[in-house]
Structures are given as C-alpha cells and as structure tokens.
Amino acid sequence: MAAQSTTAQSTTAQRTTTERATTERATSQRDAALSGEAIDAVLAWYEENARDLPWRQAGISPWGVLVSEIMLQQTPVVRVLPRWIAWMERWPAPADLADAAPADVLRAWDRLGYPRRALRLQECARSIRDLHDGKVPSDPVALRALPGIGEYTAAAIGAFAFGRRTVVADTNIRRVIVRALTGARFPAASYTSAERSLVASCVPEPTARSVRWNQAVMELGALVCTARSPRCEQCPLARHGCRFLALGRPEHAGRPRKVQAFEGTDRQMRGRIMARLRTGGPAPRDELLLLDPADAPRVERCLVSLVADGLAVVRDDGSVDLP
DNA sequence: AAGACGGGGAA
DNA sequence: TTCCCAGTCTT
C-alpha cells in the first residue's frame, strides 16, 4: 500500500471520481485502485496479446455475444469455439432459437456441460422475442432479468455487446484484481461487496476505455495471471506494484477451495444419460439402468431429476427421450 | 454461505 | 489424479 503513495500524485489527474471515492473511504482498501500507469500497461499488453475470438470481432451482434457468454459459463474458450460457430450459423437471431425444438437445442449444445444452460438460453431467446421485440436488451437490469443471465453475464453483455461502462467480475478478473491489490493468491469463495468495490475501483471512467479494460483484464487472467501457474514474468503489472508478486507469491491462505467430486456422482450419471439421449434416440428405461447395474436407485434418481429439469421426458411406453 | 450442476484437458 | 474453467440458481 505504501508503494502506491509515490505514484498517487503523478496519476491523480487520470484517476476517476469512482476511484477517488473508493480510495478516500477510510478502509483497509484505501489505496486499492490501480494507478493510471498500471491500467495503461494492461491495455497495451492486450493490444499485443489478445486472442482473435469471433465473438470479439467488430460488428458482432449482441445475440452473438450473449450466446458466447452463456456458453463460456464454466466452459473453456477452446471448447466453446466450434459450438458457438455452429450455433450462430444455425440460429443467427433470438427468434430462430426460440422456434427450435428443445431436442435439437440440446444436441447442438453437445458436450459443453451443464445442459440446463442450453435450455435457459432458449428460454432467454423466447423472452427476448416476446418481451423485447426480438432484440437483446441493452439495459443491464433487463438483461439480468433474463433466464440464465446473472450479475456477471449482464455486465459482460452490457460492456461487450453494447459498449457500456460496467463492472465485469468473472473468475479471471477477480483473480487478477485480488492478486494485484491485496496480494492474496485467490479471491474468497464468495463475491463480497468489498471485493466488488475493489474491482470497480479499477474500471477507468471513459466508457470506451472501460470496455477495453474489462476485456483486457479478463484476457490477462486467462493467459498470464492464471490460477495454477501465473506467468508473472510476462505480466504488465509486475512493474506496477502487483502486491501478489511483491509479497513473493504467497500460498493460498485459509481453507483450501472445495473441489466438487465428480466420479461416481449423480452429476456424472446425469451426463451419461444425456449423452445417450443425444445420440441414440429414445432409450428404454432398462437400457439406461445398465449404465450402473449395481445402483439402479441412482439411475432412477437421476432420471427423475433430469425430467424435473426439463432435460428429458418419459414417453407413454416408458422409454426416455429428449424433450 | 454453501451445494448442485458436465465435461475435458493441462499439470 | 487433481484442478479449474468468461457462473447461475436454489436452499
């Protein structure tokens, strides 16, 4: 924090009212905001190192951005890429997806994971068609009200599809900001209001710059300030007072982050059932029970939950199919 | 605040 | 094997 005092004066002119409001508050994060020089360094790094992703191209439709954001929820870029391209070709506008058969939507979702997202995306498309004249709303509040769109995604669409100044806080941005300003290796499990103001304090005031910033920090987290093995030697913040680096890259303090088991869970079984339904047409219940002959109750339980989620239906003859 | 919810590829 | 990914929703 003391290190900030030397740069504070020279960058005062560039600091925003938001930054000042945050820094003047008498809290432990008083000197939190990044310097204007640090922000410049990150933006310059982004110009050089940004990946060429289709949903970032100029002229991309808000719908294309929305689809990418939903697909990217908990799914890496490389796996989303081919599915997004095929998706946009098939359903280039919300109304197109709204009219599709859910079974086709789930098959097109393929193995992106968390297939409830695919269903929500279609519900989202229907809401856009019915409530917003078929056009993705630009208002973050309206976006947030759509199925499958939470705080992060609403902010991301506001920024990347409509060029608004929003506070985007995905896993990458949270990690970069927390490391740079607090020195902790990882953010806390829950996204607190304190952390939110920390992230907000870094967003530049000029709108165009804020959009670029959100994109740049996210990319920095994805390519350099990674969760596992951060490449600090390549980081534009290394010379601008990153606290994590200054403190010698400390280990994670506190409870180890929980890792959800997968092998042998209902989640895995649901995935196996969905994989079968996507490829082979209707499945006799007896066939699905063979997925785990030693634990029929588990298969039954998963079937019930899939039906409850709208991801599967039971036909009159007892076979199971996509909705 | 904590748990459910897929799937795959890198370390 | 373990970890983690442009999170959201429910309890």
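Proteins come first, then strands; the chains are lettered A, B, ... in the order of their sequence lines, and each starts at number 1. These numbers were taken from a predicted model, which means no experiment stands behind them.
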Rounded to the nearest angstrom, tell me the gap between atom [atom1] in [X] and atom [atom2] in [N].
X        : N     : atom1 : atom2 : result
A:Leu121 : C:dG7 : CG    : P     : 16 Å
A:Gln74  : C:dA6 : CD    : C1'   : 9 Å
A:Leu81  : B:dG7 : CG    : P     : 20 Å
A:Trp109 : B:dC5 : CH2   : P     : 17 Å
A:Glu195 : C:dG7 : CD    : P     : 13 Å
A:Met269 : B:dG7 : CE    : P     : 11 Å
A:Met274 : B:dC5 : CE    : C1'   : 12 Å
A:Arg267 : B:dC5 : CZ    : C1'   : 6 Å

Between [X] and [Y], does any side-chain N to carboxylate O distance fall below 4.0 Å?
X        : Y        : result
A:Arg209 : A:Asp40  : yes
A:Glu195 : A:Arg174 : yes
A:Arg90  : A:Asp96  : no
A:Glu219 : A:Arg212 : no
A:Glu37  : A:Arg239 : no

Kindly write out the residues that satisfy side chain to side chain donor-acceptor pair (under 3.5 Å) with [X], not counting sequence neighbours, or none if the list is empty.
X        : answer
A:Gln234 : none
A:Arg285 : A:Glu300
A:Arg276 : A:Glu287

* Check every strand shown and say whether A:Ala156 touches a base, only sugar-phosphate, or nothing at a heavy-atom separation below 4.0 Å. => nothing
So, does A:Ser190 get its side chain near the phosphate of B:dA1, meaning an N or O under 4.0 Å from OP1 or OP2?
yes
- Reckon A:Thr153 has a side-chain N or O less than 4.0 Å from the OP1 or OP2 of C:dT8? yes
Of the listed B:dC5, C:dT8, C:dA6, the closest approach to the A:Gln73 side chain comes from C:dT8
Of B:dG7, B:dC5, C:dA6, the nucleotide closest to the side chain of A:Arg116 is B:dC5
Of A:Gly113 and A:Ala189, the one whose closest nucleotide on DNA chain B sits nearer the 5' end is A:Ala189
Ranking A:Arg272 and A:Tyr191 by the position along DNA chain B of their nearest nucleotide, the one closer to 5' is A:Tyr191
Hits for salt bridge (charged side-chain N to carboxylate O under 4.0 Å, His left out) against A:Glu89, two or more places apart or cross-chain, chain-then-number order -> none
What residues 54-72 of chain A contributes to the DNA chain B interface at heavy-atom separation below 4.0 Å is none
- request: Answer yes or no: is there a side-chain heavy-atom contact under 4.5 Å between A:Leu220 and A:Tyr46?
  value: no
Quick note, salt bridge (Lys or Arg N to Asp or Glu O under 4.0 Å) partners involving residues 113-141 of chain A, not counting sequence neighbours, are A:Asp99-A:Arg129, A:Arg116-A:Asp309
Which atoms of nucleotides 8-11 of chain B (N or O only) lie under 3.5 Å from a protein N or O atom, and what are those distances?
| from | atom 1 | to | atom 2 | distance (Å) |
| --- | --- | --- | --- | --- |
| B:dG8 | OP1 | A:Arg111 | NE | 3.3 |
| B:dG8 | OP1 | A:Arg111 | NH1 | 3.1 |

_Could you tell me how far B:dG3 sits from C:dA6 if I compare only their P atoms? Round to whole Å._
23 Å
For residues 77-85 of chain A, dump all side-chain donor-acceptor pairs below 3.5 Å to protein atoms at least two apart in sequence or in another chain.
| from | atom 1 | to | atom 2 | distance (Å) |
| --- | --- | --- | --- | --- |
| A:Arg79 | NH1 | A:Arg111 | O | 3.4 |
| A:Trp84 | NE1 | A:Gly64 | O | 3.0 |

Set out, line by line, the N/O atom pairs under 3.5 Å between protein and nucleotides 9-11 of chain C.
| from | atom 1 | to | atom 2 | distance (Å) |
| --- | --- | --- | --- | --- |
| C:dC9 | OP1 | A:Gly148 | N | 2.8 |

Between A:Ser319 and the options A:Asp317, A:Asp316, A:Asp321, the side chain to side chain donor-acceptor pair (under 3.5 Å) test singles out A:Asp317
Numerically ordered, the residues 166-178 of chain A set in heavy-atom contact under 4.0 Å with DNA chain C is A:Asp170, A:Thr171, A:Asn172, A:Arg175
Contacts of A:Ala125 meeting side chain to side chain contact (heavy atoms under 4.5 Å, CB included) (sequence neighbours excluded), chain-then-number -> A:Trp63, A:Pro94, A:Leu97, A:Ala98
Applying side chain to side chain contact (heavy atoms under 4.5 Å, CB included) to A:Val307 and not counting sequence neighbours gives A:Ala312, A:Val314
